Amino acid sequence: MKNRLKVLRAERDWSQADLAERLEVSRQTVNALETGKYDPSLPLAFKIARLFGLPIETIFQDEA
Amino acid sequence: MSGLKAYARTVGRAMAAMVAAAALVMVLRYLPEIPPVIKLTAQLAVAAVSAGLVLRALAPWWRSLDEAAQEANKSAFFWGGQFGIFFALLLGMIEMTSTPFQRPRMPEWMLGVIVAMVCQLVGYAIFHLIWWLRRSGWGPWK
């Protein structure tokens, strides 16, 4: 699954560690999310959407 | 506290609980004038309770992991565990069909348990590492 996490994070000038702290996950998890190698659970996806104030579908795009 | 420190502390607690339980089982074994059935029942009870205590000691660490770390552990337990146990089985078969090597001086069943555990732990560590490497975008997984 593709996502815009890296762009959204960069727009806010946050480091991976900053985002990880805000999401209460590890920096490695943020990295795995950004590279698109790990798809978050629904609760985490909603948390990310709330943090950026955007609908989920504008952050995550299904590649199917 | 770093993840590794927290893990080391948790595993330390679990190990302490296991050592305490093993000591208690040994004490029960050497207690005289107790019918063997009661002795065995008491030993099994201690083993079951201590296994529960170990899980209880591990619970806070598990809950402290984020979802990706939990996923990595689940994947490593499944794939590493499967790999390890089949590898141990293969080792057993090789040992049965070849010239016996110089075994450590311990009961055969205990040696089997240790070999199976070590193989599974090694498998777990390998697959845990692979899970994170695949998701880090590192090397061949870019």
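Quick caveat, the model's predicted, so the values are computed rather than measured. Chain identifiers are assigned alphabetically (A, B, ...) following the order of the sequence lines, protein sequences preceding nucleic acid strands; residue numbering begins at 1 within each chain.
Note: the hydrophobic cluster containing B:L24 also contains B:I34 (ILVMFWY, side chain heavy atoms under 4.5 Å, direct or indirect links). Cluster annotation: A:L23 is connected to A:F60 through the hydrophobic network of ILVMFWY side chains, with a link wherever side-chain heavy atoms come within less than 4.5 Å. No continuous path of ILVMFWY side-chain contacts below 4.5 Å connects B:F77 to B:W61, so the two sit in separate hydrophobic clusters. B:L111 is connected to B:V113 through a chain of hydrophobic side-chain contacts under 4.5 Å among Ile, Leu, Val, Met, Phe, Trp and Tyr, so both are in one cluster. Linking Ile, Leu, Val, Met, Phe, Trp and Tyr residues whenever their side-chain heavy atoms come within less than 4.5 Å places A:F46 and A:V30 in a single cluster.
Contact annotation: the side chain of B:W132 approaches that of A:T29 to within less than 4.5 Å [non-hydrogen atoms, C-beta and beyond]. A heavy-atom distance below 4.5 Å is found between the side chains of A:N31 and B:S136.
If you measure heavy-atom distances from A:E24 to chain B, the contacts under 4.5 Å come from the backbone alone. Neither the backbone nor the side chain of A:P43 comes within less than 4.5 Å of any heavy atom of chain B.
To the nearest 0.5 Å, atom CZ of residue B:R135 and atom CG of residue A:L33 are 11.0 Å apart.
Looking at A:Y38 and B:E67, their side chains do bring a donor and an acceptor atom within 3.5 Å of each other.
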